[in-house]
Number of protein chains: 2
Amino acid sequence: MSMLEKIIQNLEIFSKSEKKVADVILESPQSAIHSSIATLAKVADVSEPTVNRFCRRLDTKGYPDFKLHLAQSLANGTPYVNRNVEANDGPEVYTQKIFETTIAHLDSAKNSLDPEVINKAVDLLIQSKQISFFGLGASASVARDAENKFFRFNVPVICFDDIMMQRMSVINSTEDSVVVLFSHTGRTKSMVDVAKLARENDAIVIGITAQDSPLAEYSNLVISLDVLEDTDVYMPMASRVAQLVLVDVLATGFTLRRGEKFRENLKKVKSAIKDSRFNKID
Amino acid sequence: MSMLEKIIQNLEIFSKSEKKVADVILESPQSAIHSSIATLAKVADVSEPTVNRFCRRLDTKGYPDFKLHLAQSLANGTPYVNRNVEANDGPEVYTQKIFETTIAHLDSAKNSLDPEVINKAVDLLIQSKQISFFGLGASASVARDAENKFFRFNVPVICFDDIMMQRMSVINSTEDSVVVLFSHTGRTKSMVDVAKLARENDAIVIGITAQDSPLAEYSNLVISLDVLEDTDVYMPMASRVAQLVLVDVLATGFTLRRGEKFRENLKKVKSAIKDSRFNKID
DNA sequence: AGACTGTATGTAGGTTTATAACTAATTATA
DNA sequence: TATAATTAGTTATAAACCTACATACAGTCT
């Protein structure tokens with residue numbers, strides 16, 4: 001936990017004078033780390049030992065040590081926290097906010113992922129003879145992206161963003177089929193139906209969705225991205241980005257598992273694309 | 001630049017004694033920030049003022065100030081730098097690496113964006129009577145995503161990931177049309193052709209692409225995401241994520257510009273979707 | 001109610017720490 | 001070789017920090 005959060009969390013435990021110190025620090029942490037204990041004490045209108053005690057209460061060795069910790073809290077130039085966009089934000093502000101929110105979410109997604117699950121997913125994908133990526137709405141573009149990636153691996157891959165096609169497709173599943181379903185909530189009826197149908201036809205279902213959701217019920221393997229989202233006003237942006245990065249991870253795992261020789265192959269596909277481009281030097 | 005990097009970079013400029021100090025600090029930065037100037041001097045076998053001069057040489061006010069800077073360098077628990085995946089990385093490692101790389105890229109993209117350009121783009125989008133999103137390959141999913149988003153705004157929006165359809169579509173452009181082209185390199189021939197064609201038919205072209213690329217030439221407005229990418233082995237992952245977030249930014253700007261009343265409308269679209277979901281409590 | 005106990009805060013003084021000023025030594029330069 | 005410039009160390013001082021002690025206040029027990 002960052003020092004600033006820690007201060008906020010302990011606000012009620014502090015005594016009157018200590019709270020004064022906390023207020024001053026929270027007011028302007030940047031200037032706090034550049035102040036001496038004397039100046040800080042003066043600004044907070046308390047005595048120097050009070051400041052010192054305040055520091056110790058936060059499990060630091062003393063004031064200099066506290067400053068060090070505080071400095072580290074402030075180090076992340078931008079405080080990647082979830083800051084919601086407000087009605088009167090200018091372009092500068094909302095751009096920053098959206099990027100920062102996305103980054104914060106990616107970070108939390110990163111920490112919530114279980115490498116073991118990733119590994120299993122890669123296992124399943126490697127062994128399958130047919131990979132299907134399905135998504136609806138916002139998740140459709142994630143599925144498309146996955147298709148695009150795995151298509152380059154020269155793997156039989158299909159992708160549908162249409163419920164009927166998805167249903168028809170899974171009916172032809174075999175036990176060598178892997179169906180990857182993208183759904184943030186895991187509560188989209190038709191998606192759950194597709195999962196059910198796929199299972200009934202022996203396919204292996206990987207659900208990239210919320211833990212404990214109906215879709216998760218029907219999945220052989222669930223990869224959950226715990227991305228807390230304020231889904232009320234704005235659309236699920238961050239969750240989709242996290243899903244995309246997850247696809248990158250799976251694709252990378254896939255590539256690595258296939259070994260060196262296969263990576264050469266990747267370069268070939270890549271260079272095939274190059275011919276349709278303007279050459280940079282000409 | 002981080003303090004540690006700065007020290008490494010200046011290693012040759014330092015004098016003999018200063019280098020001793022640098023070595024000790026680089027050896028164990030963590031312990032350095034917890035040492036007093038005296039102990040550090042002793043460990044480095046130099047005098048205290050030498051340490052002080054060392055600090056000043058690195059543009060800090062003195063030793064305490066230096067420690068603060070150093071502490072901040074070490075703060076970033078995870079060093080969001082571009083760490084490439086290696087052949088023998090395990091799931092844990094490559095997952096972390098990919099997420100961190102993506103985050104690092106988003107951060108650099110965030111910093112490279114010009115809010116003024118964003119604002120202009122939103123202006124253009126707001127005023128247009130017809131928005132087209134075009135992308136090929138990996139960028140196609142970004143275009144789809146943009147379509148999905150703007151479709152919810154009840155705006156006439158089209159999206160094609162097929163060259164012929166794109167060409168046919170832009171031929172019918174008017175001066176009220178805005179064509180948004182996604183291309184990481186800006187060097188895909190057919191994309192550039194579409195841009196050219198669009199301009200010839202009075203459409204306004206927004207290129208989400210590299211500065212100084214052929215595509216940028218034909219764009220009325222270029223939004224460039226300076227995402228340095230090692231495009232050699234793995235596919236352009238990060239750039240695509242940055243593009244997606246950019247779409248979020250544009251969509252948000254769009255929404256904000258339309259004002260409160262319109263945001264209510266968004267909720268309606270949203271609730272229409274809700275009916276196709278399982279209810280959480282049942 | 002009055003003494004007692006414990007917590008909260010401040011004062012004073014001493015210790016540590018950092019820096020300024022100065023000096024000696026070394027290196028470079030004319 | 002003499003002189004200037006750079007480098008590093010010594011001494012001195014001031015600033016910062018912390019300990020120990022003292023006071024004030026609140027709650028508790030007799």
Side-chain angles (χ1 to χ4, degrees), chain A residues 3 6-74, chain B residues 3 6-74:
Chain A
M3 203 66 227
K6 204 168 176 180
I7 295 173
I8 292 165
Q9 207 187 31
N10 287 343
L11 264 184
E12 283 157 28
I13 298 164
F14 291 140
S15 70
K16 220 187 306 167
S17 305
E18 283 169 345
K19 206 173 289 175
K20 279 196 216 167
V21 178
D23 286 342
V24 170
I25 290 168
L26 291 174
E27 165 88 16
S28 164
Q30 275 299 341
S31 68
I33 59 171
H34 291 113
S35 312
S36 72
I37 194 171
T39 51
L40 182 61
K42 211 158 102 185
V43 175
D45 192 31
V46 298
S47 68
E48 296 183 25
T50 299
V51 176
N52 195 285
R53 283 187 280 258
F54 168 87
C55 298
R56 287 191 205 279
R57 192 166 285 252
L58 291 159
D59 301 318
T60 61
K61 267 199 79 183
Y63 184 67
D65 189 44
F66 167 79
K67 280 209 291 190
L68 242 55
H69 282 271
L70 184 58
Q72 299 202 330
S73 293
L74 304 174
Chain B
M3 202 68 225
K6 204 168 176 178
I7 294 173
I8 292 165
Q9 206 187 30
N10 286 345
L11 265 183
E12 284 158 28
I13 297 165
F14 290 140
S15 71
K16 218 189 305 168
S17 306
E18 282 169 345
K19 205 174 289 175
K20 280 195 217 166
V21 179
D23 286 342
V24 170
I25 291 169
L26 290 175
E27 167 86 17
S28 164
Q30 276 299 341
S31 70
I33 60 172
H34 291 113
S35 312
S36 71
I37 195 169
T39 51
L40 182 60
K42 210 157 101 186
V43 174
D45 192 31
V46 296
S47 69
E48 296 182 25
T50 300
V51 176
N52 195 287
R53 283 188 279 260
F54 167 87
C55 297
R56 288 192 208 280
R57 192 168 284 256
L58 292 159
D59 301 319
T60 62
K61 266 201 82 187
Y63 183 67
D65 188 43
F66 167 79
K67 280 208 292 190
L68 242 55
H69 282 270
L70 184 59
Q72 299 202 330
S73 294
L74 303 174

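Here the structure is a predicted model, which is why all the values come from computation and not from measurement. In what follows, every chain begins at residue 1, and chains take the letters A, B, ... in the order their sequences are listed.
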Find the distance [X]:[atom1] to [N]:[atom2] and express it as a whole number of Å.
| X | N | atom1 | atom2 | value |
| --- | --- | --- | --- | --- |
| A:D65 | D:dC18 | CG | P | 9 Å |
| B:F54 | C:dT19 | CZ | C1' | 17 Å |
| A:K20 | C:dG10 | NZ | C1' | 11 Å |
| A:D45 | C:dT9 | CG | P | 12 Å |
| B:E18 | D:dG9 | CD | P | 11 Å |

For A:T50 and B:K16, find the nucleotide of DNA chain C closest to each by heavy atoms; which residue's nucleotide sits nearer the 5' end?
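The residue mapped nearer the 5' terminus is A:T50.
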DNA chain C: B:R56 or A:E48, which has the more 5' nearest nucleotide?
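First, find each residue's nearest nucleotide; the 5'-ward one identifies A:E48.
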Would you find a donor on one side and an acceptor on the other, under 3.5 Å apart, between the side chain of B:E48 and the backbone of B:A38?
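Not confirmed, B:E48 side chain does not pair with B:A38 backbone.
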Is a side-chain donor or acceptor of A:T60 paired with a backbone partner of A:D65 at a separation under 3.5 angstrom?
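No: the side chain of A:T60 does not pair with the backbone of A:D65.
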Carefully, step by step, assess A:L40 and A:K67 under the rule side chain to side chain contact (heavy atoms under 4.5 Å, CB included).
CA-CA 11 Å; A:L40 182 61; A:K67 280 209 291 190; over 6 Å; no
If only side-chain N and O atoms of B:S36 are considered, is one of them under 4.0 Å from the OP1 or OP2 phosphate oxygen of C:dT16?
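False: B:S36 side-chain N/O out of range (4.0 Å or more) of C:dT16 OP1/OP2.
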Looking at every strand, decide which applies to B:V51 at a 4.0 Å heavy-atom threshold: base, sugar-phosphate, or nothing.
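No contact.
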